[in-house]
Structures are given as structure tokens and as C-alpha cells.
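Both backbone and side-chain heavy atoms feed into the values below; hydrogens, waters and symmetry mates do not.
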Amino acid sequence: MPARDILLVLVVVLAWGSNFTAMKIGLEELPPLLFVGLRFAILLPLLAFFRKPAPWWTILGVGAFINTGQFAFLFTAMRADATAGLASLILQSQAPITIILAAIFFRERVRWVQAVGIALACMGLALFGIAGGGNVTLLGLGLILIGALSWACGNLVLRKSPGVNMTALFVWASLVPPLPMLGLSLAWEGSDPFGQIAALSITGWLAVAYVAFISTVLGFSIWGNLLSRHPAALVTPFALLIPVVGLTVAAIMLGETITGGEALAALVVLSGLVLAVLGPRFVAR
């Protein structure tokens, strides 16, 4: 990969890793479900610039699983039960979950090294459960894992949609979350969502805008462009840097620290992810 493209992929990693800190800042002023609805509602004017990129089943699938399910559970966990740094790491369990689901539904082969990686990642997640109470509770761990499962289900939808313009797809999939999230917010989070939005500070709006435009629009535009010009096996392993950036930015911006037990669990999970994602490439050699 040329140096220019390596720089671009690192920009995406920085955007997606720091995204968790922006989420945490926004959640200080907005309840989680309302935040999900708002982050996608402000993207709707962009529909005027993109033609419908895929069949409706693809748009609705991505909107339901990735845009709605993933972030509804993730934001709920991050509101009170998980720090930004650990959320960025635990959510990457979507990678081994995707491998398992693809094996079940698409009969894709799971190499033995991937199975070892998945088992190792599961051990790390269990360690988080044992070490919980510092930066992630058992409830938070469970919610993030459900969010990761939802993301993995969305990945299966994307597997059946090769060659689709990723930016256009995620902009069109932004049609799905706003109304359901507004309805659930009215039912569970308070009776005045519009008043909460009107009361947002500049910092709150910047957090929402960062999550919506930098993470979703800029991130997926660059990522989709790179995937169109390079093999996926060359691009996707860079995603393993996302939790490293997430933990680092959260420590700098939010002052987050992790306990010794959580650090061990993080190392085990990250080792499992590396084996699950990169293992087959090295074993093949």
C-alpha cells in the first residue's frame, strides 16, 4: 500500500478510535437513545447528494443492525456502565462474532487459528466480567456485546452487497434510526426530547457532529475508497488499531485509567482479535 493510502487508513483509525470519546462527551448531555436518533437525523439532508445505492432490504438491514441496534446498546452501556476506552475494545468482538455467524449461515470455513483466537477473545471477555466494577460493569459488558452482535449481523448484510458505495449506503441507512429512537426515548428517557436537544451546549453539538460527520461520512468515505483499490485483507487489519487509539484518546481527553485486571483482559482480547483476523494469513505461509 502506498504511503498516501497508509496515511488515509490511519486517519480513519484515528477518527473511529477517538469517536468513542466524542460519544462519551455527548452522553453527558443527551440520553443514549435520543443521541442515536439525533446523530443520524442530522445526516438526512445528505440524501439529496446520493442516489439510492442498494436494494431496500440492504438499506433497512444496515440501518436496523448497524446504525440502530449497535449504537442503541453501545450508547446505553457507555452512559453509565462502561468507559469510552474499554467500549472501543469490547465492541471489536464483532470481528470473531462475524466469523462465527458467517460459518453458521454462509458455511464459511473457520481455520483452527481463528478458533483459537475466538476462544482467546472469549477468555478475555470473561476476565472483564471477573474484573468488572472498575471501568465496565457486567451490565455494560453485556450491552456492548449485544451491540457487537448487532454489528456482526449487519456485516452479514454487507457480505451480500459487494461493490456498494459505502458512504451512500450509510447515509441512506440513516433513514432507519431517527423515528424508532425518538419513540423509545419518549417512552423511556423523558417526555421532552426536543427540549433536551434545544438545551445542548456547543460542546454537546460538536460531539454529535463529530460522531455523525467525521466518523460516519468521512470515515466510511475513505474506508470504502481504500477497499475499492486494495484487497480487503490488506485494509481491514488496520481496524485492530481502533481500540488502541480509543484507549489512548480516552486517557488523554477524559482522564480514563484501567485497572491491572482490566489491562490483562484487554491484552487477552486484543491477542484473540489478532489471531482471529490475521492468523490465517500467517498460518498459510
Chemist: Is it the case that one hydrophobic cluster holds both L143 and L34, taking links as side-chain heavy atoms less than 4.5 Å apart, direct or via other members?
Modeler: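 Per the 4.5 Å side-chain linkage, L143 and L34 are not co-clustered.
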Chemist: What's the separation between atom CG in N135 and atom CG in D81, rounded to the nearest 0.5 Å?
Modeler: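 CG of D81 is found 12.0 Å from CG of N135.
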Chemist: Decide side chain to side chain contact (heavy atoms under 4.5 Å, CB included) for S174 and N67; before the verdict, give the C-alpha distance in whole Å, the side-chain angles of both, and the deciding distance to 0.1 Å.
Modeler: CA-CA 7 Å; S174 298; N67 287 5; 4.2 Å; yes
Chemist: Report yes if some heavy atom in the side chain of F71 is under 4.5 Å from a heavy atom in the side chain of F40; otherwise report no.
Modeler: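 Yes - at least one pair of side-chain heavy atoms lies under 4.5 Å apart.
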Chemist: Give me the atom names and distance for the closest heavy-atom approach of L254 to A84.
Modeler: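 What the structure gives for the nearest pair is CD1-CB, 4.0 Å.
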Chemist: Closest heavy-atom contact between P31 and Q196?
Modeler: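 Of all heavy-atom pairs spanning P31 and Q196, the closest is CD-NE2, 3.7 Å.
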Chemist: Do N225 and R229 have side-chain atoms, one donor and one acceptor, less than 3.5 Å apart?
Modeler: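 N225 vs R229: donor-acceptor pair found between side chains.
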Chemist: With a 4.0 Å cut-off, would you call E256 and K24 a salt bridge?
Modeler: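 Salt bridge: no.
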Chemist: Are I258 and M253 grouped together when hydrophobic residues (ILVMFWY) are joined by side-chain heavy atoms under 4.5 angstrom apart?
Modeler: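 I258 clusters together with M253.
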Chemist: Please walk me through it: do L30 and V208 pass side chain to side chain contact (heavy atoms under 4.5 Å, CB included)?
Modeler: CA-CA 10 Å; L30 287 171; V208 174; 3.9 Å; yes
Chemist: Does a sphere of radius 6.0 Å around NZ in K160 hold more than 12 heavy atoms from other residues, nucleotides or ligands, not counting ones at 6.0 Å or beyond?
Modeler: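 Counting other residues, nucleotides and ligands, NZ of K160 stays at 12 neighbours or fewer.
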Chemist: Please assess L278 against L240 for the test side chain to side chain contact (heavy atoms under 4.5 Å, CB included), listing each intermediate value before the final yes or no.
Modeler: CA-CA 10 Å; L278 297 179; L240 293 171; 4.0 Å; yes
Chemist: Which of these passes side chain to side chain contact (heavy atoms under 4.5 Å, CB included) with F20: V211, L247, L91, V249?
Modeler: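 Looking at V211, L247, L91, V249, the match for F20 under the side chain to side chain contact (heavy atoms under 4.5 Å, CB included) is L91.
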Chemist: Taking all atoms of both residues into account, what is the closest heavy-atom pair of V36 and P177, and its distance?
Modeler: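 Answer, listing the atom of V36 first, then P177: CG1-CB, 4.4 Å.
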Chemist: Donor-acceptor check, side chain of E189 to backbone of S185, threshold 3.5 angstrom: yes or no?
Modeler: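 No.
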Chemist: Nearest 0.5 Å please: distance from the OG1 atom of T167 over to the CZ atom of F49.
Modeler: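 It is 14.0 Å, given to the nearest 0.5 Å.
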Chemist: Can you name the one residue among I99, L273, V113 that meets side chain to side chain contact (heavy atoms under 4.5 Å, CB included) with I118?
Modeler: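 Between I118 and the candidates, side chain to side chain contact (heavy atoms under 4.5 Å, CB included) is satisfied uniquely by I99.
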Chemist: Is F105 atom CZ crowded by more than 12 heavy atoms from other residues, nucleotides or ligands, each under 6.0 Å away?
Modeler: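 No, the 6.0 Å shell around CZ holds no more than 12 heavy atoms from other groups.
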Chemist: Is the shortest side-chain heavy-atom distance between R159 and T98 below 4.5 Å?
Modeler: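 They are in contact (side-chain heavy atoms under 4.5 Å apart), so the answer is yes.
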Chemist: State plainly whether one hydrophobic cluster holds both F106 and L149, where clusters connect Ile, Leu, Val, Met, Phe, Trp and Tyr through side-chain heavy atoms under 4.5 angstrom apart.
Modeler: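 Linked, F106 and L149 end up in one cluster.
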Chemist: Could you tell me which non-hydrogen atom of V277 sits nearest to which non-hydrogen atom of A95, and how far apart they are?
Modeler: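 For V277 and A95, the tightest heavy-atom pair comes out as CG2-CB, 4.2 Å.
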Chemist: How would you list, by chain and number, every residue that makes a ring pair (Phe, Tyr, Trp, His ring centres under 6.0 Å) with F73, sequence neighbours excluded?
Modeler: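 Testing F73 for ring pair (Phe, Tyr, Trp, His ring centres under 6.0 Å), a comparison that skips the adjacent residues, returns none.
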Chemist: Count the heavy atoms of every other residue, nucleotide or ligand shown that sit under 6.0 Å from CD1 of I202, and state whether that count exceeds 12.
Modeler: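 No.
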Chemist: Less than 4.5 Å apart, any side-chain heavy atom of V244 and any of L270?
Modeler: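 Side-chain contact under 4.5 Å: yes.
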Chemist: Is there a side-chain contact between L169 and L158 (heavy atoms, below 4.5 Å)?
Modeler: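 Sidechains of L158 and L169: in contact.
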Chemist: Same hydrophobic cluster for W151 and L74, using side-chain heavy-atom links shorter than 4.5 Å among ILVMFWY?
Modeler: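 Cluster IDs for W151 and L74 match.
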Chemist: What are the two closest non-hydrogen atoms of G85 and A250, and how far apart are they?
Modeler: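 Heavy-atom minimum between the residues: N-CB, 3.7 Å.
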Chemist: Counting only N and O atoms by type, is there a donor-acceptor contact under 3.5 Å from the side chain of T68 to the main-chain atoms of F65?
Modeler: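 Here the side-chain-to-backbone pair does not exist.
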Chemist: Check whether more than 12 heavy atoms from other residues, nucleotides or ligands sit under 6.0 Å from atom CG of L47, and answer yes or no.
Modeler: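 Atom CG in L47 is crowded, with more than 12 foreign heavy atoms closer than 6.0 Å.
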Chemist: Hey, could you give me each pair passing ring pair (Phe, Tyr, Trp, His ring centres under 6.0 Å) that has a residue in residues 163-214? Not counting sequence neighbours.
Modeler: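 Residue pairs passing ring pair (Phe, Tyr, Trp, His ring centres under 6.0 Å), neighbours aside: W56-W172, F170-F220.
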Chemist: Starting from V245, can I reach L86 by hopping between I/L/V/M/F/W/Y residues whose side chains sit under 4.5 Å apart?
Modeler: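 Linked within one cluster.
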Chemist: For L125 and L141, run side chain to side chain contact (heavy atoms under 4.5 Å, CB included): C-alpha distance rounded to whole Å, both residues' side-chain angles, the deciding distance at 0.1 Å, then the answer.
Modeler: CA-CA 8 Å; L125 293 171; L141 178 63; 4.2 Å; yes
Chemist: With rounding to the nearest 0.5 Å, note down the distance linking CD1 in I222 to CE in M166.
Modeler: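 If we round to the nearest 0.5 Å, I222:CD1 and M166:CE are 13.0 Å apart.
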Chemist: What distance do M23 atom CE and E28 atom CD have between them, rounded to the nearest 0.5 Å?
Modeler: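 Result: 14.5 Å between the selected atoms.
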Chemist: Give the minimum heavy-atom separation between N19 and S215, together with the two atoms involved.
Modeler: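 In terms of heavy atoms, the two residues are closest at ND2-OG, 3.3 Å.
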Chemist: Could you check if a side-chain atom of I59 sits within less than 4.5 angstrom of a side-chain atom of P53, using non-hydrogen atoms only?
Modeler: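 With C-beta onward as the side chain, the pair touches.
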Chemist: For residues 36-51, pull every pair meeting side-chain hydrogen bond (donor to acceptor under 3.5 Å, both in side chains), keeping only residues two or more places apart or in separate chains.
Modeler: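 Checked against side-chain hydrogen bond (donor to acceptor under 3.5 Å, both in side chains) - neighbours excluded - the pairs reaching residues 36-51 are R39-T216.
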Chemist: Would you say the side chain of P280 lies within less than 4.5 Å of the side chain of Q114, judging by non-hydrogen atoms?
Modeler: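 They are in contact (side-chain heavy atoms under 4.5 Å apart), so the answer is yes.
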Chemist: Rounded to the nearest 0.5 Å, how far apart are CG of N155 and CD1 of I97?
Modeler: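 Answer rounded to 0.5 Å: 10.0 Å.
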Chemist: Is the shortest heavy-atom distance from the side chain of R79 to the side chain of T76 under 4.5 Å?
Modeler: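 R79 does not reach T76 side chain to side chain.
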Chemist: Distance-only, no hydrogens or angles: does the T58 side chain make a donor-acceptor pair with backbone N or O of A54 under 3.5 Å?
Modeler: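 Pair absent, no side-chain N/O of T58 close to backbone of A54.
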Chemist: Under a 4.5 Å cut-off applied to non-hydrogen side-chain atoms, are L33 and F75 in contact?
Modeler: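 In short, these two side chains do not touch, never coming nearer than 4.5 Å.
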Chemist: Can you tell me how far CD1 of I144 sits from CE of M78, rounded to the nearest 0.5 angstrom?
Modeler: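 Atom-to-atom, M78:CE and I144:CD1 are 7.5 Å apart.
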